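What follows is a set of notes on a single structure, which appears directly below.
What you see is a predicted model, and the numbers here were worked out from it, not measured in a lab.
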Amino acid sequence: MGVLGSGKGSNFVAIADAIAAGKIPAEIAVVLSDVESAGILAHARDRQIPAQFVPPGKFRTKLEEAAEHAFVAALQNAQVDLIVLAGFMRVLKGDFLRAFAGRIVNIHPSLLPSFPGLEGWKQALDYGVKVAGCTVHFVDAGVDSGAIIGQQTVPVRDHDTAETLHARIHAAEHELYPKCLAALARGEIAVAGRRVIWKNP
Ligand code: GRF
C-alpha cells in the first residue's frame, strides 16, 4: 500500500497498528504528503516506513501536473498495488487516476452521498441529522463520489458540538478503514458497477 495524507495521520496509525497486529495482510511501502510538517510523515518515520514530502505546486485544492507525476513516480517506485488516501486534502486528477485505476480508496467523514466535500461532520451537524458516520469508497474523477466499500454510523447527540461529533466519527473511521483494507487485501471485495460486494461479510 501507498498512503497519502495531509494531516495528523490518525487513520494511518490505525492502519499501521492493524497491519502490525496481523489484521491486514499488507505492507505500507511508502507514505507521501503534500504538507511538509504533516503528522502523518512523523508517524511513518517513527515506524521506519519510508515517508516523503512531495511539493504540491501552486494550486490549493489539486496538484500541479509536475507534482502529480512526482506522486505517481514515487508510488510506482515503491511498487504499490493500492493507494490509500488518509486525510489527503487535494482532489486527484486524470493522470493519477489513470495510473492507478480502480486501486485508490478514500475515507470520508460522512455517510455518503450526504455531505461530500469539506467538514462532512459539520455539514451533518448543521443539517440536523440524527445519525452520522463515515464512508470508505473507491476514488473516481468526482469529489467523494466513487463506489462505496463500507460505512459505519455514529449517533448525533443533542449536545454535540462540531468537535465532539468529529471525535466520534474519527473513532469510527479507525475501526472501519482497517476492516475495509483487510477485506481488500484478502481479495474479498468484488466490484459490480456501483455495487461493492463483500465475499466474506
Ligand atoms: C479524516 O476525518 C478523514 O475522514 C478525512 O480526513 C481526516 C483525516 O484524519 N478524509 P487523520 O489525518 O487520519 O487523523
Side-chain angles (χ1 to χ4, degrees), residues 1 3-24 26 28 31 33-35 37-44 46-47 61 82-92 104-140 142-185 188-189 194-196 198 200-201:
M1 296 177 178
V3 182
L4 269 57
S6 311
K8 64 185 168 100
S10 69
N11 278 286
F12 163 78
V13 168
I15 295 162
D17 286 352
I19 290 174
K23 293 180 185 160
I24 308 175
I28 299 173
V31 174
S33 183
D34 58 327
V35 177
S37 59
I40 192 169
L41 291 176
H43 283 302
D46 284 350
R47 287 168 168 73
T61 58
L82 185 71
I83 313 298
V84 175
L85 305 184
F88 190 66
M89 297 306 287
R90 287 169 195 269
V91 180
L92 296 170
I104 312 171
V105 295
N106 181 43
I107 187 152
H108 180 76
S110 80
L111 296 174
L112 292 170
S114 292
F115 315 127
L118 292 176
E119 299 189 323
W121 67 90
K122 191 166 179 302
Q123 295 184 53
L125 192 68
D126 291 346
Y127 193 91
V129 295
K130 300 295 186 193
V131 179
C134 51
T135 302
V136 173
H137 62 92
F138 286 106
V139 173
D140 64 11
V143 175
D144 303 320
S145 57
I148 291 173
I149 302 168
Q151 296 187 300
Q152 189 157 323
T153 60
V154 303
V156 179
R157 303 210 190 278
D158 288 346
H159 301 292
D160 264 335
T161 61
E163 289 69 33
T164 58
L165 180 58
H166 191 198
R168 196 172 305 121
I169 292 174
H170 236 134
E173 292 181 358
H174 301 157
E175 291 175 17
L176 180 68
Y177 218 174
K179 207 167 82 184
C180 292
L181 293 174
L184 279 164
E188 293 173 355
I189 296 285
R194 283 209 58 90
R195 312 258 331 251
V196 175
W198 289 58
N200 257 330

To the nearest 0.5 Å, how far apart are OH in Tyr177 and CD1 in Ile149?
7.5 Å
Heavy atoms of His43 and Gly9 approach each other most closely as CD2-O, 4.2 Å
Side chains of Phe115 and Val129 in contact at under 4.5 Å (non-hydrogen atoms)
yes
Restricting to salt bridge (Lys or Arg N to Asp or Glu O under 4.0 Å), what partner residues turn up for Asp34, sequence neighbours left out?
Arg90
What residue pairs, at least two apart or across chains, pass salt bridge (Lys or Arg N to Asp or Glu O under 4.0 Å) with a residue in residues 5-24?
Asp17-Arg47
Can you check whether Gly150's main-chain N or O pairs, donor with acceptor, with Trp198's side chain at less than 3.5 Å?
no
Run the salt bridge (Lys or Arg N to Asp or Glu O under 4.0 Å) test against Arg157 and tell me which residues pass, sequence neighbours left out.
none
Taking only residues at least two apart or on different chains, which pairs with a member in residues 127-136 satisfy side-chain hydrogen bond (donor to acceptor under 3.5 Å, both in side chains)?
Thr135-Gln151
Between CG of Leu181 and CG of Asn11, what distance do you get to the nearest 0.5 Å?
9.5 Å
Could you tell me the separation between the CG atom of Leu41 and the OG atom of Ser6, rounded to the nearest 0.5 Å?
9.5 Å
Would you mind reporting whether Leu118 and Met89 have side-chain heavy atoms less than 4.5 Å apart?
yes
Output all residues satisfying salt bridge (Lys or Arg N to Asp or Glu O under 4.0 Å) with Asp46, sequence neighbours left out; order by chain, then residue number.
none
Does the side chain of Ile19 come within less than 4.5 Å of Ile28's, by heavy atoms?
yes
Quick one: does Val31's side chain get under 4.5 Å of Ile40's, heavy atoms only?
yes
Close side-chain approach of Phe88 and Asn106, heavy atoms under 4.5 Å:
no
If I compare all heavy atoms of Ile169 with all of Cys134, which pair ends up nearest, and what's the gap?
CG2-CB, 4.1 Å
Given side chains that start at C-beta, do those of Val84 and Ile15 come closer than 4.5 Å, heavy atoms only?
yes
Parallel under 30°, tilted from 30 to 60°, perpendicular over 60°: which one fits the rings of His108 and His137?
perpendicular
Give the C-alpha distance, both sets of side-chain angles, the deciding distance and a yes or no for side-chain contact (heavy atoms from CB on, under 4.5 Å) between Val131 and Leu111.
CA-CA 9 Å; Val131 179; Leu111 296 174; 4.1 Å; yes
Salt bridge (Lys or Arg N to Asp or Glu O under 4.0 Å): pairs with one or both residues in residues 162-179, sequence neighbours excluded:
Asp160-Arg168
Would a distance-only check, ignoring hydrogens and angles, find a side-chain to backbone donor-acceptor pair under 3.5 Å from Ser110 to Pro116?
no
Go through the steps for Val13 and His174 under the test side-chain contact (heavy atoms from CB on, under 4.5 Å), then give the verdict.
CA-CA 9 Å; Val13 168; His174 301 157; over 6 Å; no
